[in-house]
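Quantities reported herein were computed from a predicted structural model and do not represent experimental measurements. Read the numbers this way: they start at 1 and go in the same order the structure lists the ligands and their atoms.
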Amino acid sequence: MKVDVLLGLQWGDEGKGKVVDVLTPRYDVVARFQGGPNAGHTLEFEGKKYVLRSIPSGIFQDGQVNIIGNGVVLDPVLFREEAEALEQSGVDIKKILKISKKAHLIMPTHRLLDAANEKRKGASKIGTTGKGIGPTYTDKVSRNGLRVGDIFHDFKAKYEAAKAKHIDMLTMLGGDTDVAELEAKWMDAIEYLKTYEIIDSEHYINKLLSNGKKVLCEGAQGTMLDVDFGSYPFVTSSNTICAGACTGLGVAPNRIGEVYGIFKAYCTRVGSGPFPTELFDETGKKIRDIGHEYGAVTGRERRCGWVDLVALRYSIMLNGVTQLIMMKSDVLDTFATIKACVAYKVNGEETRDFPYSIEDNIEPVYKELPGWNTDMTSIKSEDEFPEAFKTYVAFLENELQVPITILSVGPDREQTIVRKSFAK
Ligand code: GDP
Ligand code: IMO
Ligand code: MG
């Protein structure tokens with residue numbers, strides 16, 4: 001059996017959580033493969049709204065196993081908050097969630113280091129989520145990290161050694177070193193973590209695949225935030241691309257089946273960094289207002305702009321996307337004209353290839369299409385799409401050379417149109 005991967009093609013917040021929830025009934029297992037509580041994946045159904053950070057978005061469907069993979073970084077305190085809230089809403093989480101022994105732990109000092117690093121950068125700060133993501137992945141790669149499997153063996157000594165190093169670094173950076181209160185809560189949360197099933201997830205997943213089970217891998221962030229291929233240094237600290245599912249779960253590349261690439265009908269970004277199609281005018285404000293474009297975790301205003309097909313083509317190439325999923329089309333329901341960036345002018349020269357840097361001298365070349373001026377939020381089938389919207393979708397498919405097989409027309413589970421062309 002193969003694993004299918006669902007991941008973001010833009011700068012995150014494409015709507016991954018919603019679609020994972022919708023697709024989960026077709027799978028036996030849902031597994032997160034990278035990122036941590038920097039993610040905020042929103043799900044809406046039966047009039048309720050939930051935001052998941054570290055826990056996979058398959059958690060609300062019946063019976064499926066959910067896995068936090070080795071590529072994820074886990075903050076025990078935030079995990080506990082999230083898990084207890086789910087328990088309160090009736091999810092039998094301890095029964096269906098498994099955690100990899102090899103996932104790395106976010107320590108209180110990682111969060112302090114995140115803040116100190118950002119302060120040090122001043123005006124050129126990344127605008128991180130402040131969750132300690134960068135410092136935790138740094139420790140992983142520099143071979144100083146603490147893993148979930150460590151909590152059972154000589155943990156205190158390992159923790160103290162890592163903390164001592166962090167305190168030295170914080171002192172050098174002029175950061176906050178007052179960790180006592182955070183630490184007490186964190187140690188309690190470590191005890192809570194011990195009540196979960198902590199497993200060798202790479203063995204577990206590969207056995208499931210051998211037994212014919214279906215696995216959906218859930219990405220966090222988006223391709224343009226990938227540490228290698230995103231708008232570096234304004235990126236996150238993990239590989240958000242499809243290859244991250246291989247390293248973040250222990251799944252071999254020849255096991256990858258469908259790759260679902262998800263994007264918004266426009267584009268957003270939170271935090272600092274270049275964004276070629278960003279709109280600073282009334283249109284940008286209108287997209288933000290109608291699309292409620294505010295961070296699910298930080299509440300920060302998301303920057304808004306037109307869809308960028310140069311960046312999307314690049315993302316499709318890097319991920320081997322087999323099917324596209326377009327979200328939030330309904331947000332554009334009242335726009336007379338829709339624009340899509342089909343090429344960049346770099347220093348006056350037109351290119352369709354994503355360049356090394358998008359920091360300077362990029363001028364988007366737009367194609368304008370007529371809007372559909374129709375409320376699409378209660379549409380139930382692709383046959384009901386207005387003609388102008390059908391034209392827009394066909395235009396995108398032609399530009400991107402990948403079929404759009406799922407379309408979302410509202411935040412609710414039910415507002416999802418799976419086209420006849422969808423394949424699993
Ligand atoms: P994720 O991080 O990729 O899971 O995305 P987020 O949850 O951070 O952001 C997506 C936001 O858009 C959430 O508030 C969703 O409830 C909402 N959303 C998802 N799909 C749609 C849609 O098709 N239309 C509208 N209007 N909202 C949507
Ligand atoms: P989901 O999974 C949008 C952004 C931050 C910042 C940069 C680095 O909900 O799509 P980090 O805290 O990771 O070191 O911050 O990445 N960022 C996200 N933006 N959606 C996310 O996750 C993000 N996770 C991180 O805003 O610019
Ligand atoms: Mg999000």
Phe385 six-ring face occupied by Lys390 cation (under 6.0 Å, within 45°):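 No.
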
Do [X] and [Y] have side-chain N/O donor and acceptor atoms under 3.5 Å apart?
{"X": "His110", "Y": "Asp139", "value": "yes"}
{"X": "Glu218", "Y": "Ser57", "value": "yes"}
{"X": "Ser201", "Y": "Lys98", "value": "no"}
{"X": "Thr240", "Y": "Gln221", "value": "no"}
{"X": "Ser408", "Y": "Lys328", "value": "no"}
{"X": "Thr136", "Y": "Lys140", "value": "no"}
{"X": "Gln61", "Y": "Thr24", "value": "no"}

Identity and distance of the protein heavy atom lying nearest atom 26 (N) of ligand 1: Asp330 OD2, 2.8 Å

Protein heavy-atom partner closest to atom 3 (C) of ligand 2 - residue, atom, separation in Å: Asp13 OD2, 3.2 Å

Atom of Asp13 nearest the Mg ion (ligand 3) (restricted to N/O/S, atom name only): OD1

Phe234 and ligand 2 - part of the residue with a heavy-atom distance under 4.0 Å: neither

Are any of the N or O atoms of [X] closer than 3.5 Å to those of ligand 2?
{"X": "Thr236", "result": "yes"}
{"X": "Val270", "result": "yes"}
{"X": "Ile133", "result": "no"}
{"X": "Arg269", "result": "no"}
{"X": "Glu14", "result": "no"}
{"X": "Lys16", "result": "yes"}

Per-residue contact class, Gln221 against ligand 1 - non-hydrogen pairs under 4.0 Å: neither

Atoms in ligand 2 with a heavy atom of Gly271 nearer than 4.0 Å: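 Matching atoms, with element in brackets: 27 (O).
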
Atoms of ligand 2 close to Ala220 [distance to a heavy atom under 4.0 angstrom, numbered from 1]: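 Within the 4.0 Å cut-off of Ala220, ligand 2 contributes 2 (O).
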
Heteroatom N/O/S of Ala39 within less than 2.8 Å of the Mg ion (ligand 3):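 It does not; every qualifying atom lies at 2.8 Å or beyond.
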
Single hit among Asp114, Ile133, Asn38 for side-chain contact (heavy atoms from CB on, under 4.5 Å) with Ile106: Ile133

Heavy atom to [atom], shortest distance: which of [options] holds it?
{"atom": "atom 1 (P) of ligand 1", "options": "Lys16, Lys264, Glu293", "answer": "Lys16"}
{"atom": "atom 23 (O) of ligand 1", "options": "Ser408, Pro411, Gly8, Ser329", "answer": "Ser408"}
{"atom": "atom 25 (C) of ligand 2", "options": "Met224, Arg300, Gln221", "answer": "Gln221"}
{"atom": "atom 17 (N) of ligand 2", "options": "Val235, Asn38, Leu225, Thr268", "answer": "Leu225"}

Lys328-ligand 1 polar pair, N/O distance under 3.5 Å: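 Right, the criterion is met.
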
Gly17 neighbourhood, listing ligand 1 atoms whose heavy-atom distance to it stays under 4.0 Å: 4 (O)

Trace of the side chain to side chain contact (heavy atoms under 4.5 Å, CB included) decision for Tyr344 with Asn361: CA-CA 9 Å; Tyr344 292 160; Asn361 302 321; over 6 Å; no

Residue-ligand contact Ser237/ligand 2, heavy atom below 4.0 Å: no

